Amino acid sequence: MFWRKKADRTYAWEGDLELNPEGESDDDEEDGPTLVTVDDGRGGIKHIKIDRTMDSQSDMGHLSTDGTVSMDGSSSGYRVTSSKNSIAKPGLGELVKNELKGKHFLNIEPNSEKLRKRIISKRGHVNVGKTRVSKRKRKFLSDIFNTMLDLKWRYVHIVFMLSFFLSWLGFALVWYVIILVHGDFEPNHLPDMQKKSGWVPCVWEIKNFASVFLFSVETQHTIGYGGRQTTEECPEAIFIMSIQSIVGVMIQACMVGIIFSKLSRPKKRSQTLMFSKNAVVCQRDGSTCLLFRVGNMRHSTLVEAHVRAILISKRVTEEGEVMPYYQTELKVGTDLEGEEDCIFFIWPTTVVHKIDKESPFYNMNAREFLKKRYEIVVILEGVIEQTGNSIQARSSYLPNEVLWGYRFVNLLNFRQSASEYKVDFSAFNAVYKVNLDTRSQKEKDEDEEDDEGEEQINGKHLPLNSSVSCISGDGHTFLSNARSCVEIMHMV
């Protein structure tokens, strides 16, 4: 299949739903269309294509289900139809309303982006607010360094400028009081009359408050233009000059340290780490597996990269305690068993979670994957090779974003002309459909056990430790724990 982009920026399926296995795609936009899973209203599920990421499972209620792939328990195949109706895009007013809804522009806490239902956004923001925290402002101010690191850049710039302007103004007021008390502002003691009257001021060339403010700036930053300088006449002026020099160095050191630490944080590096828009469910070596893909845009690799996955869902204990957001660690990895979580991160990697008896998805079929409320949070951690800083990138998948019966398209190929391996990131989110039974892995295992039991009953071999009754001579002899027919003959 291929993408077709209309003039009104809406998207529709054209042709077969299967993507080109070679990874060719005309859509290379980061926020382009994506597949989601919806209920078909007949006991099955459908996959439809939309042009934006869903924030919650309930967002799918208004979408049209034209041009979808449907599958139910009674049919193992797929039905593909062409779509002629596109999804209407929200208007300008609705976009502005959604953008401004729940935002606090003067909030000093980081990541104040308000989402709706998703706990972890696709960009990795945590949608968790903290309310009624005792003495929160006092504790934030006591840890001023980390508070400054968490502030947004516009607030850091404001604090940076205010720290200097307020210190200049504060010391200027102190200098003004000292000079005023000494009498340097009297008409006979101004700079033009000092030589005639023989007056020695605390600071040369001071006429008014403006000149005092300029002298404060020159003193704090050791500019030294040469016109204004202190004299030995006022000891308090010498003391204030020393104090201001020390304070100026401390302010510069603190602000430079904060800005350098904020610039060197690997927070932006996580934006070059990619997660696939969808997770897929397919079979590998006969076992049902949940797969998602991670990638790195940069040529520099991550050292000691490893991946985690956490299932957040509702759980009820044996005592009846309800835990609405219970966290279950999923066993994920890059091998077929899903156990090796370390990644040799030189190209995009598919991460596997094997659905077995220890998996929380063991009892879930295709429809339950959609209907149950849960969120799969995926975390990629590693060490930046150049700086040695640790980094963490996050994303999540809602039930609508888990595609049943799909696989990821291969995006790694060897180019003979360039004599190197090429990664086609336009196919990073591309998937193609495969045949997959809609039953759960538990139901499949039970059917296999029933088939094995029928083979045993049909007489392919006698069961072990069975009781056998044989006739010997003039009576019946009851023989137990016979393991084979040879033992029975010997015992007879």
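Only this structure's heavy atoms are used, side chains among them; waters, hydrogens and symmetry mates stay out. The model shown is predicted, which means the values in this text are computed figures rather than measured ones.
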Is the closest side-chain heavy-atom distance between Ile346 and Tyr421 below 4.5 Å? no

Are any of the side-chain heavy atoms of Phe185 and Ile206 separated by less than 4.5 Å? yes

How long is the gap from CZ on Phe260 to CG on Leu263, to the nearest 0.5 Å? 8.0 Å

Walk me through whether Trp347 and Asn296 qualify under side-chain hydrogen bond (donor to acceptor under 3.5 Å, both in side chains). CA-CA 7 Å; Trp347 51 55; Asn296 181 17; over 6 Å; no

Is there side-chain contact between Ile240 and Phe171, with at least one heavy-atom pair below 4.5 Å? yes

Could you check whether atom CD of Glu232 has more than 12 heavy atoms from other residues, nucleotides or ligands sitting under 6.0 Å from it? no

Enter the distance from Tyr176:OH to Leu169:CG here, rounded to the nearest 0.5 Å. 13.0 Å

Could you tell me whether the side chains of Asn278 and Arg293 share a donor-acceptor contact shorter than 3.5 Å? no

Any side-chain heavy-atom pair of Ile310 and Glu375 under 4.5 Å: no

Counting C-beta onward and ignoring hydrogens, is there a side-chain heavy-atom pair between Leu149 and Arg265 closer than 4.5 Å? yes

Please walk me through it: do Ser313 and Tyr325 pass side-chain hydrogen bond (donor to acceptor under 3.5 Å, both in side chains)? CA-CA 5 Å; Ser313 60; Tyr325 303 104; over 6 Å; no

Report the residues that fulfil ring-ring contact (aromatic ring centres under 6.0 Å, His included) with His306, sequence neighbours left out, ordered by chain and then residue number. none

With a 4.5 Å cut-off on side-chain heavy atoms, are Val294 and Met274 touching? no

Apply the test side-chain hydrogen bond (donor to acceptor under 3.5 Å, both in side chains) to residues Ser359 and His353: give CA-CA distance (whole Å), side-chain angles for both, the deciding distance (0.1 Å), then the verdict. CA-CA 8 Å; Ser359 172; His353 167 67; 2.7 Å; yes

Determine whether Phe164 and His221 satisfy the following criterion, ring-ring contact (aromatic ring centres under 6.0 Å, His included), listing intermediate values before the conclusion. CA-CA 10 Å; Phe164 284 108; His221 296 282; 5.6 Å; yes

Check whether any side-chain heavy atom of Lys277 sits under 4.5 Å from a side-chain heavy atom of Glu401, and report yes or no. no

Gap between atom CD of Gln252 and atom CZ of Phe160 - 0.5 Å precision: 8.0 Å

Assert yes or no for the condition that the ring centre distance of Phe275 to Phe292 is strictly below 6.0 Å. no

I want to know whether Phe408 and Phe428 have ring centres closer than 6.0 Å. no

Are side-chain heavy atoms of Ile120 and Val126 found at a separation under 4.5 Å? yes

Which distance, rounded to the nearest 0.5 Å, do you find between the OG of Ser395 and the NE2 of His125? 11.5 Å

Short side-chain donor-acceptor distance under 3.5 Å, Ser245 and Gln220: no

Going by the angle between their ring planes, with limits at 30° and 60°, are Trp168 and Phe165 parallel, tilted or perpendicular? perpendicular

Can you tell me which residue pairs pass the disulfide (SG to SG under 2.5 Å) test with a partner in residues 154-231, sequence neighbours excluded? Cys202-Cys234

According to ring-ring contact (aromatic ring centres under 6.0 Å, His included), who are the partners of Phe215, at least two apart in sequence or on a separate chain? Trp175

Given Arg394, Gln392, Arg308, the one that forms side chain to side chain donor-acceptor pair (under 3.5 Å) with Glu381: Gln392

Under the criterion side-chain contact (heavy atoms from CB on, under 4.5 Å), I'd like the reasoning laid out for Thr317 against Met323: C-alpha separation, chi angles, the key distance, then a yes or no. CA-CA 8 Å; Thr317 64; Met323 294 179 286; 3.4 Å; yes

Go through it in stages, so that I can follow the logic: the residues are Leu302 and Glu385, the test is side-chain contact (heavy atoms from CB on, under 4.5 Å), and I'd like the CA-CA distance, side-chain angles, deciding distance and then a yes or no. CA-CA 6 Å; Leu302 291 182; Glu385 189 176 20; over 6 Å; no

After noting the C-alpha distance and the side-chain angles of Ser211 and Glu205, does the key distance pass the side-chain hydrogen bond (donor to acceptor under 3.5 Å, both in side chains) rule? CA-CA 8 Å; Ser211 59; Glu205 298 297 329; over 6 Å; no

